[in-house]
Amino acid sequence: MAVPWEEYFRLTLQEKLPNPFRKILEQNVDHVPPLLHLLEKRQELVDADRGLQAQKEVFQTVKASLQRRWEQLEQQKQELKRSFVRFEKFLREGEARRSRALRRAAEERHQADRQEAEALRLRAQLEELQRERARLQRRLQRLEPCARLLGQVLEQLPEFQEISELVARFDGLADTQEALRVTERQQLLELEEGRARQQRLRDAWQDELLRQGQRRAQLLEQLEAARERTLHWESKWIQIQNTAAEKTLLLGRTRMAALNLFQLVCQHQRRPPDLDIEDTEGQLEQVKLFILDLSTMLARLRQAEPLTPAS
């Protein structure tokens with residue numbers, strides 16, 4: 001059962017206070033409650049302070065724990081980053097190793113294919129060499145009598161020491177004969193080409209002669225036409241010369257007539273001729289002016305004459 005605060009403090013004070021004060025307290029029971037209330041409030045403050053201190057310690061503990069947790073988390077974060085970097089590096093290295101392994105595998109496969117192809121080629125070459133060896137053996141067997149014959153010939157020809165010299169001389173003669181044959185064929189081809197070229201030249205010469213004959217006939221026709229045109233234009237020229245002579249004579253007469261008229265005008269006007277003899281246009285202009293003056297004068301005279309009465 002809970003004890004009231006007043007009773008609790010009263011009992012506590014009685015226990016702790018000296019006897020004189022304890023008696024005073026027992027005598028002044030009516031004055032104890034305010035003091036108990038004060039002590040109670042102080043105790044509450046102390047308890048509250050202790051609670052706050054405890055909460056503060058708890059808060060500091062929690063804060064320190066959180067700080068340590070945050071540092072741990074930060075360390076874990078850095079560790080995760082380093083782990084992630086190491087993992088990425090591991091992945092890249094693994095991918096590089098995988099790529100190198102794939103390349104090595106591809107190269108090995110390619111090398112194996114090349115080796116297999118080379119083996120097939122060598123096998124085919126070996127078979128070809130075996131066939132060539134068999135063919136040479138058969139040829140050797142077939143040429144064995146020729147070799148014996150060459151040996152006999154070599155015994156009869158002291159200028160040759162070895163069969164190879166004899167064969168070389170034979171090969172040289174054969175090459176010379178082949179070269180002569182080639183030269184003969186070339187000369188025959190050149191001869192045929194020369195004959196064909198000569199025939200083409202003959203044909204071209206015949207064609208050229210025919211063209212020149214046709215050209216000569218055309219030129220003769222053109223010459224006859226030119227002669228006819230020359231005669232025609234010569235007659236035209238003679239006609240033009242005659243006409244020019246007639247026109248010149250007429251022009252001379254006209255100029256003489258104009259000069260005579262001009263001189264008559266000058267005599268009539270009683271003045272010397274003031275124009276050059278060759279200035280026919282000026283002379284005609286003076287005659288024209290004189291005639292106009294006469295025409296004006298005659299017109300005035302006609303106007304001045306009285307009208308003749310009718311009879």
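Because the structure is predicted, anything quoted here is derived from the model rather than measured.
Screening residues 178-200 for ring pair (Phe, Tyr, Trp, His ring centres under 6.0 Å), with sequence neighbours left out, gives no hits. A ring pair (Phe, Tyr, Trp, His ring centres under 6.0 Å) check over residues 227-286, counting only residues at least two apart or in different chains, returns the pairs His268-Phe290. For residues 178-206, no residue pair satisfies the ring pair (Phe, Tyr, Trp, His ring centres under 6.0 Å) rule, not counting sequence neighbours.
Atom CG of Leu223 and atom CZ of Arg227 lie 4.0 Å apart (nearest 0.5 Å). For the atom pair Leu191 CG and Glu184 CD, the distance stands at 11.0 Å (nearest 0.5 Å). Taking OG1 from Thr243 and CD1 from Ile238, the interatomic distance works out to 11.5 Å, rounded to the nearest 0.5 Å. Arg195 CZ to Arg202 CZ: the interatomic distance, rounded to the nearest 0.5 Å, is 11.0 Å. Here CZ of Arg200 is found 13.5 Å from CG of Asp207. Values are rounded to the nearest 0.5 Å.
The pair Glu107-Arg104 fails the salt-bridge criterion, with no side-chain N (NZ, NE, NH1 or NH2) lying under 4.0 Å from an Asp/Glu carboxylate O. Under a 4.0 Å N-O distance rule, the pair Arg98/Glu95 qualifies as a salt bridge.
Counted within 6.0 Å of CD on Gln206, heavy atoms from surrounding residues, nucleotides or ligands total more than 12; the atom is thus considered enclosed. Atom CZ of Arg253 has 12 or fewer neighbouring heavy atoms from other residues, nucleotides or ligands inside a 6.0 Å radius.
Under the side chain to side chain contact (heavy atoms under 4.5 Å, CB included) criterion, Glu234 pairs with Thr230, Leu231, not counting sequence neighbours. In this structure Arg131 satisfies the side chain to side chain donor-acceptor pair (under 3.5 Å) test together with Glu128, sequence neighbours excluded. The side chain to side chain donor-acceptor pair (under 3.5 Å) check on Glu74 picks up Gln78, with sequence neighbours excluded. In this structure Val182 satisfies the side chain to side chain contact (heavy atoms under 4.5 Å, CB included) test together with Glu178, Arg185, Gln186, sequence neighbours excluded. Residues satisfying the side chain to side chain contact (heavy atoms under 4.5 Å, CB included) test with Gln212, not counting sequence neighbours, are Glu208. Under the rule for a side chain to side chain donor-acceptor pair (under 3.5 Å), the partners of Glu79 that lie at least two apart in sequence or sit in another chain are Arg82, Arg86. Applying the side chain to side chain contact (heavy atoms under 4.5 Å, CB included) criterion to Arg103, with sequence neighbours excluded, gives Ser99, Arg100. Residues passing the side chain to side chain donor-acceptor pair (under 3.5 Å) test with Asp203 are Gln199, sequence neighbours excluded.
Of all the heavy atoms in Leu120 and Arg123, the pair that sits closest is CD2-NH1, 3.0 Å.
Transitive grouping of hydrophobic side chains (ILVMFWY, heavy atoms separated by less than 4.5 Å) brings Leu66 and Val58 into a common cluster.
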Go through it in stages, so that I can follow the logic: the residues are Glu118 and Arg121, the test is salt bridge (charged side-chain N to carboxylate O under 4.0 Å, His left out), and I'd like the CA-CA distance, side-chain angles, deciding distance and then a yes or no.
CA-CA 5 Å; Glu118 184 68 18; Arg121 188 184 65 80; 2.2 Å; yes
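Here Leu91 sits in one hydrophobic cluster together with Phe87; the rule is ILVMFWY side chains under 4.5 Å apart, joined directly or through other members.
Proximity of Gln222 to Leu219: side-chain heavy atoms (C-beta onward) are separated by under 4.5 Å at one or more points.
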